[in-house]
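Every heavy atom of this structure was used, including side-chain atoms; hydrogens, water molecules and symmetry mates were not. Proteins come first, then strands; the chains are lettered A, B, ... in the order of their sequence lines, and each starts at number 1.
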There are 2 protein chains.
Amino acid sequence: MPKSSDSDHKKTTVSTPERREELLAIAAEVFAAQGYNATTVRKIADAAGMLAGSLYYHFDSKESMLDEILSGFLDELWARYDAVLGAGLGPRETLEALVTESFREIDRHLAAVAIYQKESKHLGTQPHFAYLVESQQKFEKAWLGTLERGVTAKVFRADLDVRLTYRFVRDTVWVAASWYRPGGRHSPEEIARQYLSMVLEGIALHDS
Amino acid sequence: MPKSSDSDHKKTTVSTPERREELLAIAAEVFAAQGYNATTVRKIADAAGMLAGSLYYHFDSKESMLDEILSGFLDELWARYDAVLGAGLGPRETLEALVTESFREIDRHLAAVAIYQKESKHLGTQPHFAYLVESQQKFEKAWLGTLERGVTAKVFRADLDVRLTYRFVRDTVWVAASWYRPGGRHSPEEIARQYLSMVLEGIALHDS
DNA sequence: TAACCTACCAAACACTTGTTAGGGAAGGAG
DNA sequence: CTCCTTCCCTAACAAGTGTTTGGTAGGTTA
């Protein structure tokens with residue numbers, strides 16, 4: 001079901017993919033900084049050094065820009081997640097790999113992640129963005145499954161509400177997008193390492 | 001500095017405080033569900049069973065509604081935080097109390113917390129909402145201080161970046177507002193207990 | 001009864017919003 | 001040179017935005 005990006009684009013625009021990508025990156029930056037609804041197409045055009053109407057040579061609508069940003073991000077994320085989930089790792093190693101990949105994704109697609117964090121909830125009600133809730137369900141399935149596998153394998157604590165633990169882990173990872181800045185003191189891998197250290201020493205079963 | 005709520009209200013409106021509070025609760029609900037910018041005054045009026053213009057009998061502007069919601073929430077939050085911080089507790093007990101109070105606040109003012117989470121970042125740039133960044137700085141000071149006290153007292157691990165730990169704890173607590181629903185399976189105290197269990201077993205120093 | 005206050009409605013205002021239509025400059029291909 | 005494609009501008013549009021102004025129904029007070 002990752003056909004979300006290239007389906008129902010009723011009329012393909014005429015611009016080169018490179019220019020589209022440039023403009024999408026700019027738009028994503030403005031969306032992330034100001035919020036989608038607070039961002040006018042004139043602000044995007046300003047940041048791109050052109051006028052509002054010119055954007056419609058490249059894109060069908062403001063919403064289609066958001067759509068392309070989010071679905072592009074999700075497609076790439078799931079490519080990496082699926083690779084991890086299909087590698088046949090143990091529950092603890094799976095969780096470590098998922099967390100690390102998440103922070104790498106934050107590092108690469110910071111703007112898209114920030115937008116997703118802010119807008120996905122109320123966008124999910126819109127039928128055009130149904131793939132957002134599909135992705136979120138798949139997301140929950142993957143993480144919950146990993147956690148439950150770890151509980152039965154006695155590598156994660158059994159005295160915690162699994163769903164609560166899921167939300168805990170999920171949130172701790174993704175809200176990092178609200179303060180993370182690429183090129184800062186810590187690499188994504190270093191942040192992942194410390195986050196995992198904090199999370200796991202609380203989730204892993206202690207034998208002493 | 002908690003004079004944020006009743007300063008510079010240039011012209012006091014004439015309605016009773018009870019009705020104001022009712023309408024503010026309704027507005028907060030809509031703001032939280034749809035986002036501030038996506039919420040039109042007509043939608044608020046709709047939810048309140050009246051027309052858009054009638055809101056201006058009670059409030060000066062749409063922004064002043066948001067202002068009152070946020071500052072009211074922050075005032076109450078800081079009243080409780082200050083009580084905790086002034087109680088002379090140890091670092092671990094302080095952290096436990098702060099987390100518990102935070103979840104209670106989420107339980108009481110869910111809508112306001114959700115709005116704060118979504119909008120405070122880009123509202124902080126607006127000079128009228130400068131008290132948001134002031135509060136955030138005070139917030140950081142209180143939590144960072146507690147964590148550092150705990151590190152020197154050897155009740156928290158010393159091998160972690162304190163600022164990273166701060167963001168970790170802060171985020172894990174407050175993002176709960178995005179999924180928490182009052183009257184659900186878990187009471188705020190129960191959620192706080194489990195969250196603290198997860199967080200502390202990773203932050204507390206292990207002696208074995 | 002008369003004056004008054006609270007809470008709302010009706011109707012419009014100036015402005016911003018996303019979007020469209022037609023045109024034109026630049027450059028490569030034939 | 002001419003054709004064609006790419007990319008952007010100018011100028012406007014209809015719809016929706018926050019807000020204002022004047023009026024009015026109903027209850028309370030005198």
Undergrad: Please state how far atom CZ in A/F59 lies from atom P in D/dC7, giving the value in whole angstrom units.
TA: 11 Å

Undergrad: Between P on C/dC9 and OH on B/Y57, what's the gap in Å once rounded to a whole number?
TA: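 Taking atom P of C/dC9 as the reference, OH of B/Y57 is at 13 Å.
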
Undergrad: Run the side-chain hydrogen bond (donor to acceptor under 3.5 Å, both in side chains) test against A/K141 and tell me which residues pass, sequence neighbours left out.
TA: none

Undergrad: Please indicate whether B/R108 has more than 12 foreign heavy atoms, meaning atoms of other residues, nucleotides or ligands, lying under 6.0 Å from its CZ.
TA: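 Enclosed: over 12 neighbouring heavy atoms sit under 6.0 Å from CZ of B/R108.
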
Undergrad: Looking only at side chains, do B/Y166 and B/D171 share a donor and an acceptor under 3.5 Å apart?
TA: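 Side chains of B/Y166 and B/D171: no pair found under 3.5 Å.
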
Undergrad: Is B/R170 paired with B/E140 through a side-chain N to carboxylate O contact shorter than 4.0 Å?
TA: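 Salt bridge absent between B/E140 and B/R170.
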
Undergrad: C/dT6 P sits how many Å from B/E22 CD, rounded?
TA: 16 Å

Undergrad: Heavy atoms, side chains only, cut-off 4.5 Å: are B/L164 and A/Y195 in contact?
TA: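 Yes, at least one pair of side-chain atoms sits under 4.5 Å.
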
Undergrad: Salt bridge check: are B/R157 and B/D159 linked by an N-O gap of less than 4.0 Å?
TA: yes

Undergrad: Can you check the B/R20 CZ to C/dA7 C1' distance for me, whole Å?
TA: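 Whole-Å distance recorded here is 14 Å.
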
Undergrad: From CZ of B/R19 over to P of D/dG27, roughly how many Å is that when rounded to an integer?
TA: 16 Å

Undergrad: Taking only residues at least two apart or on different chains, which pairs with a member in residues 34-55 of chain B satisfy ring-ring contact (aromatic ring centres under 6.0 Å, His included)?
TA: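 Only B/F31-B/Y36 qualify under ring-ring contact (aromatic ring centres under 6.0 Å, His included).
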
Undergrad: So, A/Y81 versus A/F139, ring centres under 6.0 angstrom or not?
TA: yes

Undergrad: Please tabulate the protein-to-nucleotide N/O contacts below 3.5 Å involving nucleotides 9-11 of chain D, giving atom names and distances.
TA:
{"unit_1": "D/dC9", "atom_1": "OP2", "unit_2": "A/L51", "atom_2": "N", "d": "2.7"}
{"unit_1": "D/dC9", "atom_1": "OP2", "unit_2": "A/S54", "atom_2": "OG", "d": "2.8"}

Undergrad: Grab the N/O contacts between the protein and nucleotides 13-18 of chain C below 3.5 Å, and write none if there aren't any.
TA:
{"unit_1": "C/dG18", "atom_1": "OP1", "unit_2": "A/T39", "atom_2": "O", "d": "3.3"}
{"unit_1": "C/dG18", "atom_1": "OP1", "unit_2": "A/K62", "atom_2": "NZ", "d": "2.9"}
{"unit_1": "C/dG18", "atom_1": "OP2", "unit_2": "A/V41", "atom_2": "N", "d": "3.0"}
{"unit_1": "C/dG18", "atom_1": "N7", "unit_2": "A/R42", "atom_2": "NH2", "d": "2.8"}
{"unit_1": "C/dG18", "atom_1": "O6", "unit_2": "A/R42", "atom_2": "NH2", "d": "2.9"}

Undergrad: Do B/W78 and B/S135 pass the side chain to side chain donor-acceptor pair (under 3.5 Å) test, and can you show the C-alpha distance, the side-chain angles, and the key distance before you say yes or no?
TA: CA-CA 9 Å; B/W78 276 112; B/S135 173; 2.8 Å; yes

Undergrad: Output one letter per nucleotide in nucleotides 22-30 of chain C: B when a protein non-hydrogen atom lies under 4.0 Å from the base, S when only the sugar-phosphate is that close, - when neither is.
TA: ---------

Undergrad: What integer distance in Å separates B/L55:CG from D/dG18:P?
TA: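 Rounded to the whole Å, the gap is 10 Å.
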
Undergrad: Is the closest basic N to carboxylate O distance between B/K138 and B/D82 below 4.0 Å?
TA: yes

Undergrad: Could you tell me whether the phosphate oxygens of D/dC8, OP1 or OP2, come under 4.0 Å of any side-chain nitrogen or oxygen in A/H58?
TA: yes

Undergrad: Check side-chain hydrogen bond (donor to acceptor under 3.5 Å, both in side chains) between B/D46 and all other residues, then give those that pass, not counting sequence neighbours.
TA: none

